[in-house]
Amino acid sequence: WEWPWDTTTTSGEVELELRSVDMAGRSATDTVVVTVDNLPYVRQSDPSDGDTVSGFVSLAASASDDLGLTRVSWDLDGVYLDEDTTSPYRGLFDSCAVASGTYTLTATGEDSAGQLTTDGVTIEVDQPFEIEMGGPSGALDVSETFLAWTTNDVTVDEVDWAIDGVEVARETTGTADATCSSDCSNLCTLYSSEFDVTPLADGSHTLTVHATDSAGAEVTSSTTISVD
């Protein structure tokens with residue numbers, strides 16, 4: 001014999017009694033004590049499904065369990081971000097560490113028995129993408145080192161320099177400044193390349209630096225240089 005039992009209405013130790021009665025009216029009973037431990041409850045409250053985020057992102061979730069919640073943890077597309085073991089459950093996510101794009105942010109509630117419940121939302125990470133000329137300046141001669149700083153767009157594919165519209169240098173690898181703040185708006189990655197300016201005519205020229213990221217976004221910055 002089988003009977004359905006909705007355990008969501010109770011928790012903890014429960015005594016179950018089975019009573020059988022035969023056709024003569026005689027009865028027999030048997031009891032067993034079981035522990036009801038329902039799955040934990042978890043719901044994300046910040047960010048919400050469909051939100052666009054950048055920089056440092058506050059994480060928040062409401063969670064509970066009938067016998068005790070151990071922790072709430074967050075991951076982004078399966079990559080661990082943060083966790084909290086006490087209510088209210090809060091976390092922090094540095095979105096500068098990932099590329100712009102669409103991600104699934106998942107909160108997981110774990111109870112003392114190791115049971116898990118998850119709640120996922122879709123978020124859009126939108127990183128600022130900027131570039132700033134770092135040099136050279138003044139009157140140029142012979143070989144010059146071109147410098148440019150980009151923001152923490154972790155998917156920069158290449159940086160190139162042009163003089164009067166003609167490309168003269170290109171670089172695909174930048175050097176991150178470890179001491180730089182992880183605020184996405186800070187210019188923290190340095191790109192550099194060398195170019196011999198001696199073939200250029202004396203006088204003023206326009207030096208332009210241009211960067212492209214993997215999503216196809218482009219930024220430029222220009223300055224006037226002189227060759228003597």
Side-chain angles (χ1 to χ4, degrees), residues 44 46-60 74-82 90-107 120-138 140 143-195 197 204-226:
Q44 295 191 77
D46 190 28
S48 300
D49 191 53
D51 280 358
T52 298
V53 302
S54 64
F56 284 103
V57 181
S58 296
L59 309 174
W74 288 267
D75 68 74
L76 191 74
D77 281 359
V79 178
Y80 172 85
L81 295 178
D82 202 357
R90 300 288 186 267
L92 193 63
F93 159 46
D94 181 7
S95 72
C96 299
V98 301
S100 296
T102 302
Y103 296 87
T104 299
L105 176 66
T106 302
V121 298
T122 299
I123 61 172
E124 186 78 20
V125 175
D126 185 15
Q127 303 288 26
F129 187 23
E130 300 175 14
I131 194 166
E132 181 178 281
M133 193 80 69
S137 60
L140 313 184
S143 181
E144 294 290 342
T145 300
F146 295 161
L147 303 175
W149 292 89
T150 69
T151 48
N152 295 346
D153 187 317
V154 296
T155 58
V156 175
D157 280 350
E158 63 182 24
V159 173
D160 58 78
W161 291 262
I163 295 179
D164 297 336
V166 179
E167 184 180 311
V168 296
R170 180 181 295 266
E171 182 58 60
T172 58
T173 303
T175 302
D177 182 353
T179 66
C180 191
S181 167
S182 59
D183 183 341
C184 298
S185 62
N186 286 344
L187 298 159
C188 291
T189 306
L190 175 65
Y191 291 81
S192 64
S193 188
E194 290 191 349
F195 173 66
V197 300
S204 296
H205 299 270
T206 300
L207 173 63
T208 301
V209 61
H210 165 266
T212 307
D213 70 8
S214 60
E218 299 179 71
V219 290
T220 60
S221 177
S222 297
T223 188
T224 299
I225 58 175
S226 63

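Residue A169 comes nearest to S193 through the heavy atom pair CB-OG, 3.4 Å, listed as atom of the first residue, atom of the second, then distance. Considering all non-hydrogen atoms of both residues, A211 and F129 come closest at CB-CZ, 3.8 Å. Of all heavy-atom pairs between G134 and W149, the closest is CA-CD1, 4.3 Å. Of all heavy-atom pairs spanning T206 and S222, the tightest one is CG2-CB, 4.3 Å. Pairing each heavy atom of S192 with each of E171, the nearest pair is O-OE1, 3.5 Å. The two residues A60 and R90 make their nearest non-hydrogen contact at CB-NH1, 3.6 Å.
Taking the side chain as every heavy atom from C-beta outward, L105 and L81 approach each other to under 4.5 Å. Residues F146 and V209 form no side-chain contact, since every pair of their non-hydrogen atoms from C-beta on lies 4.5 Å or further apart. Between F93 and D82, the closest side-chain pair of non-hydrogen atoms is not below 4.5 Å. Using a 4.5 Å heavy-atom cutoff, the side chains of P47 and L59 are in contact. Under the 4.5 Å side-chain criterion, counting only non-hydrogen atoms from C-beta, E158 is not in contact with V156.
Applying side-chain contact (heavy atoms from CB on, under 4.5 Å) to I123 and the options L76, T52, V57, T102 leaves one that passes, L76.
With rounding to the nearest 0.5 Å, the separation of CD in E130 from OG1 in T220 is 12.0 Å. Between the OG1 atom of T212 and the NE2 atom of H210 there is a distance of 3.5 Å, given to the nearest 0.5 Å. Interatomic distance, I131 CD1 to T208 OG1, rounded to the nearest 0.5 Å: 10.5 Å. Rounding to the nearest 0.5 Å gives a distance of 5.5 Å between OG1 of T189 and OH of Y191. The CG atom of D157 lies 11.0 Å from the CD atom of E218; values are rounded to the nearest 0.5 Å. How far CD of E132 is from CG of L147: 11.5 Å, rounded to the nearest 0.5 Å.
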| query | Checking side chain to side chain contact (heavy atoms under 4.5 Å, CB included) for the pair T150/V219: CA distance, chi angles, key distance, verdict? | reply | CA-CA 9 Å; T150 69; V219 290; over 6 Å; no

